[in-house]
Amino acid sequence: MNKEFNVDDVRLQFPILAEKVYKKNLIYLDNGATTQKPLAVIDVYDNVYRKVNANIHRGVHHLSNVCTDLYEKARQIVARHLNAADSSEIVFTRNTTESINLVAYAYGDKFVGPGDEIVVSEMEHHSNIVPWQLLCQRRGAKLLVAKVSDHGELDMGQLAGLLSERTRIVSIAHVSNVMGSVNDVRTIVGMAHSVGAVAVIDAAQSVPHQAIDVQSIGCDFLAFSGHKVYAPLGSGALYGRRDLLNAMNPWMAGGEMIDKVSFAGTTFAEPPLKFEAGTPDYAAAIALGAALDYVDGIGMDVIEAHEASLVKRTLDGLLAIPGVRVIGQAENHASAVSFLVDSIHPYDAGMILDKLGIAVRTGHHCAQPLMDRFGIVGTVRASFALYNTADEVDALLNGVEWVKKMFS
Ligand code: PMP
């Protein structure tokens, strides 16, 4: 690990981490839901409204041009961060959900037809299931589901068996938001391409935790949420291969996305603007650029190594506590750890942890099919970010012991 990484220094950059909860230090382990924001992001966001705010594009006045430049610069930062070939392959959206819906409507409605098949997996977040279900209903296509092993790993053999010349889209999470399982997306993309399907990667839980290279992964689309990678709410992006973005239908229609409008017919702007109808949240997008600059300044490999040590400490500690069941023990495991304590309901465990100042998420984590797969109603999930510490992991483990005691 990079010797210069000092988690105490990092924590000073996140003002909210100094907050107390029930007079206790806040231990924030709900990063899979959303991350806290560093000063580098808060200041840039604040600066947009204090100093430069004016609606972007089409403006002739100074502030509009400044804001437009910052917005397009942020697009270049996202492209660089994902190693996209060109910034025109980056569409700003509000979040992962919007990015996946964009593909389902703009690509799916045009290229998926009756009898075609779309493949997802049992470990998907609802936002990588329901848009495809609706697409299947609209277009008379069929949704097929790749299975997850007892260990929480994707069954690659069974996935291969689902693919055929009928497959149009394979859409898989890079990292499970429940179990932290890391899927071999490069291999999955290759499998999808070998049957002529496009590959969509839900990178909501990987972009915050590891370096992403869309060209090396080879995916056709990749979706992520800015708010999970230290950026403001309302910022997100879709990476799409330029030739596919060119070929797709427009999605939302209105201002910004047009070339020429008349009652005889309308022509559309080139991607990415073709997919950015209406005034975007440019302040959030600009601050997303600041967030990615911030993590790149630390180094995604450094962040990945730091978080890996926290995940390992958590897994080792939980597995040593009698009565704790860890849901998802994939070999390649990042960022999130899900577990159950004896037969205690996850909500009860979460409420006790909360009283100790420990913020974890409980419930089905928008992954009900995965809960059904394991025959459980939900889990307790601890999910990590670059500012979490080994001491916080130990506090969680002590908290779990406390939960056990309370119910014994
Ligand atoms: N996919 C995964 C894997 C997620 O973890 C999440 C958020 N929990 C989403 C999609 C949806 O993200 P958002 O709500 O930001 O659109």
Side-chain angles (χ1 to χ4, degrees), residues 28-37 78 91-105 120-134 145-146 148 152-154 170-183 185 188 199-210 212 217 219 221-239 251 280-281 284-285 287-288 291-292 307 311 327-328 330 332-338 359-371 373 378-385:
Y28 186 77
L29 301 178
D30 193 18
N31 297 287
T34 199
T35 52
Q36 303 303 346
K37 318 304 173 199
V78 177
V91 180
F92 280 124
T93 62
R94 284 183 304 139
N95 48 37
T96 307
T97 304
E98 187 172 292
S99 297
I100 294 175
N101 275 277
L102 196 167
V103 180
Y105 281 94
V120 296
S121 87
E122 277 179 330
M123 71 170 82
E124 302 310 316
H125 188 280
H126 296 164
S127 63
N128 196 27
I129 298 175
V130 187
W132 306 120
Q133 283 178 327
L134 293 180
V145 184
V148 166
E153 287 170 338
L154 204 56
V170 177
S171 190
I172 300 285
H174 195 173
V175 175
S176 157
N177 66 309
V178 177
M179 306 179 293
S181 321
V182 184
N183 291 320
V185 283
I188 294 167
V200 183
I201 305 301
D202 173 352
Q205 298 294 343
S206 59
V207 164
H209 306 292
Q210 63 178 87
I212 300 288
I217 293 171
C219 54
F221 298 101
L222 182 137
F224 78 96
S225 299
H227 70 93
K228 293 180 196 286
V229 59
Y230 313 108
L233 281 304
S235 65
L238 172 72
Y239 157 79
W251 179 36
D281 191 340
L288 170 59
L292 297 180
E307 292 179 359
V311 167
I327 309 293
N332 203 349
H333 194 143
S335 69
V337 179
S338 261
V360 289
R361 191 143 291 246
T362 60
H364 55 63
H365 314 293
C366 299
Q368 284 177 342
L370 187 69
M371 300 299 116
R373 153 71 183 82
T379 73
V380 181
R381 181 189 73 182
S383 54
F384 299 99

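Just so you know, these numbers use all the heavy atoms, side chains as well, and skip hydrogens, waters and symmetry mates. Whatever order the structure lists ligands and atoms in, that order sets their numbers, starting from 1.
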Give me the nearest non-hydrogen protein atom to [atom] as residue plus atom name, then the distance to 0.1 Å.
{"atom": "atom 5 (O) of ligand 1", "value": "Gln205 NE2, 2.6 Å"}
{"atom": "atom 6 (C) of ligand 1", "value": "His125 CD2, 3.3 Å"}
{"atom": "atom 10 (C) of ligand 1", "value": "Ser127 OG, 3.1 Å"}
{"atom": "atom 16 (O) of ligand 1", "value": "Thr97 OG1, 2.5 Å"}

So, do [X] and [Y] sit near enough that their side-chain heavy atoms are less than 4.5 Å apart?
{"X": "Leu154", "Y": "Ile188", "result": "yes"}
{"X": "Thr96", "Y": "His125", "result": "no"}
{"X": "Ser206", "Y": "Ile212", "result": "yes"}

When you look for heavy atoms under 4.0 Å from ligand 1, do you find them on the side chain of [X], its backbone, both, or neither?
{"X": "His227", "value": "side chain"}
{"X": "Lys228", "value": "side chain"}
{"X": "Ala204", "value": "side chain"}
{"X": "Asp202", "value": "side chain"}

Next on the checklist: Ignoring hydrogens, what is the shortest heavy-atom contact between Val229 and Ala291? Give both atom names and the distance.
Outcome noted: O-CB, 3.5 Å
Checklist entry - In terms of atom number and element, which parts of ligand 1 are under 4.0 angstrom from non-hydrogen atoms of Asn177? => result 3 (C), 5 (O)
Checklist entry - What atoms of ligand 1 come within less than 4.0 Å of a heavy atom belonging to Ser225? => result 12 (O), 13 (P), 15 (O), 16 (O)
Checklist entry - From Ile100 CD1 over to Ile201 CD1, what is the distance, rounded to the nearest 0.5 angstrom? => result 10.0 Å
Checklist entry - With sequence neighbours excluded, what pairs up with Tyr239 under the ring pair (Phe, Tyr, Trp, His ring centres under 6.0 Å) test? => result none
Next on the checklist: Among residues at least two apart in sequence or on other chains, which ones pass ring pair (Phe, Tyr, Trp, His ring centres under 6.0 Å) with His364?
Outcome noted: His126
